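A short write-up of the structure that comes next.
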Amino acid sequence: MLSLARRVGQKIRIGEDIVVVVREIRGRQVKLGIEAPEHVRVLREEIYEETAEANLEAAERTDLAFFERLRGLHP
Amino acid sequence: MRVESSRLGSRDAEPSQIYTAPEGIPGFTGRRFLIEAPEGLSRPFWLQSLEDPSQSLLLIDPVRLDPTYAPAPNPATTLLGESALLVRVVAWPAEEEGKLYANLFSPVWIAPEGQRLAQLPMVGSGQLVKAVFELSALG
């Protein structure tokens, strides 16, 4: 993993069109500003992980019997 | 093409059943998926990973659970390059008998024409990853 030291106001460019700027550092928290094209999704990692965990739980728990049960209920 | 699935078994799939997820599906491997929907996309159907036979999800129409559910399509239309999108959600059995979970926070957007799909979390929507419903709500 690449590690870069930056000060408040300094930027990191990722590829052609993504720019990350350090806006503020307060105690143990860093506030970042991110400029990215509309099609690039920017998410806190825990948001992505929450969905990933739910998908894996769903894949583990869903079976044909449940599918047939839903089909039967669905008009 | 031949598709292997732990739940659906080994089966031949038509090219029209193969969808691409440009950003993948969180937690799953690969970007290509089989949509197995013999009764159409308005009924419950399967999304099966082509990379991992054990990775499949059951998708349903969320409006059957919550008639007011109407996520903003903007990020999905930009990503998938199509405006006529279907929105579906992952459903799975809850621990409590007679109930199911539905991920209303991260709907799956489907572009039937381009055969592309995306699961996009709705940050700030207040929707739940594991919203609980009675199974009878589908009726």
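Please read these numbers as outputs of a predicted model, since none were measured by experiment. So that the names make sense, note that chain A is the first sequence line, chain B the second, and so on, each numbered from 1.
Contact annotation for B/Ser6: neither backbone nor side-chain heavy atoms come within less than 4.5 Å of a heavy atom of chain A. Interface remark: B/Gln48 contributes no atoms to any contact with chain A (heavy atom separation under 4.5 Å). Only the backbone of B/Phe45 comes within contact range of chain A, with at least one heavy atom under 4.5 Å from a heavy atom of that chain. Residue B/Ala118 does not touch chain A at all, counting heavy-atom pairs closer than 4.5 Å. Proximity to chain B is limited to the backbone of A/Glu60, based on heavy atoms less than 4.5 angstrom apart. For chain A, the nearby part of B/Leu57 is the side chain; its heavy atoms alone come within less than 4.5 Å.
Looking at every heavy atom in both residues, B/Ser54 comes nearest to A/Ala59 through O-CB, 4.3 Å. The shortest non-hydrogen separation linking A/Ala52 to B/Gly27 is CB-N, 3.5 Å.
Within residues 71-84 of chain B, the residues that have a heavy atom under 4.5 Å from a heavy atom of chain A are B/Pro75, B/Thr78, B/Leu79, listed by number.
No more than 12 heavy atoms of other residues, nucleotides or ligands sit less than 6.0 Å from atom CD of B/Glu14. When the shell of 6.0 Å around CD of B/Glu39 is examined, it contains more than 12 heavy atoms from other residues, nucleotides or ligands. The 12-atom threshold is not exceeded at CZ of B/Arg32, counting heavy atoms of other residues, nucleotides or ligands nearer than 6.0 Å. Within a 6.0 Å radius of CZ in B/Arg2, other residues, nucleotides and ligands contribute more than 12 heavy atoms. Atom CD of B/Glu113 is surrounded by 12 or fewer heavy atoms from other residues, nucleotides or ligands within 6.0 Å. Enclosure of atom CD in B/Glu95 by more than 12 non-hydrogen atoms of other residues, nucleotides or ligands within 6.0 angstrom is indicated.
Atoms CZ and CG, from A/Arg61 and B/Leu100 in turn, are 11.0 Å apart once rounded to the nearest 0.5 Å. With rounding to the nearest 0.5 Å, the separation of CG in B/Leu59 from CG in A/Leu70 is 11.0 Å. Considering CE of B/Met122 and CD1 of A/Ile47, their distance stands at 11.5 Å, rounded to 0.5 Å. Atom CD of residue B/Glu134 and atom CG of residue A/Leu73 lie 11.0 Å apart, to the nearest 0.5 angstrom.
Comparing B/Ala137, B/Ser136, B/Ala94 by how many heavy-atom pairs each has under 4.5 Å with chain A, the most go to B/Ala94. Contact count against chain A (heavy-atom pairs under 4.5 Å) is highest for B/Pro93 among B/Pro44, B/Pro121, B/Pro93.
In this structure the side chain of A/Leu56 reaches within 4.5 angstrom of the side chain of B/Gln55, judged on heavy atoms.
The backbone N or O of A/Arg71 lies less than 3.5 Å from a partner atom in the side chain of B/Arg43, making a donor-acceptor pair. Under the 3.5 Å distance criterion, the side-chain polar atoms of A/Arg44 are left unmatched by any main-chain donor or acceptor of B/Val123. Side-chain N or O atoms of A/Arg41 include none that pairs as donor or acceptor with a backbone N or O of B/Leu120 at under 3.5 Å.
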Stepwise side-chain contact (heavy atoms from CB on, under 4.5 Å) check, B/Tyr101 with A/Glu57: CA-CA 10 Å; B/Tyr101 291 125; A/Glu57 179 183 316; 3.9 Å; yes

Intermediate values then yes/no, side-chain contact (heavy atoms from CB on, under 4.5 Å), B/Leu8 and A/Leu64: CA-CA 8 Å; B/Leu8 307 173; A/Leu64 281 175; 4.0 Å; yes

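Linking Ile, Leu, Val, Met, Phe, Trp and Tyr whenever their side-chain heavy atoms come within less than 4.5 Å leaves B/Ile60 and B/Ile110 in two separate clusters. Both A/Ile34 and A/Val22 belong to a single network of hydrophobic side chains, linked directly or stepwise wherever heavy atoms of I, L, V, M, F, W or Y lie under 4.5 Å apart. Under a hydrophobic-cluster definition in which Ile, Leu, Val, Met, Phe, Trp and Tyr are linked whenever side-chain heavy atoms come within less than 4.5 Å, directly or via other members, A/Phe67 and B/Leu34 are assigned to different clusters. B/Val108 is connected to B/Tyr19 through a chain of hydrophobic side-chain contacts under 4.5 Å among Ile, Leu, Val, Met, Phe, Trp and Tyr, so both are in one cluster. With hydrophobic clusters built from ILVMFWY side chains whose heavy atoms lie under 4.5 angstrom apart, B/Ile35 does not share a cluster with B/Met1.
With salt bridges taken as basic N to acidic carboxylate O contacts below 4.0 Å, one links A/Arg69 and B/Glu97.
In this structure, a donor-acceptor pair under 3.5 Å is present between the side chains of B/Gln119 and A/Asn55.
Note: B/Trp92 and A/Phe66 fail the aromatic proximity criterion, with ring centroids not under 6.0 Å apart.
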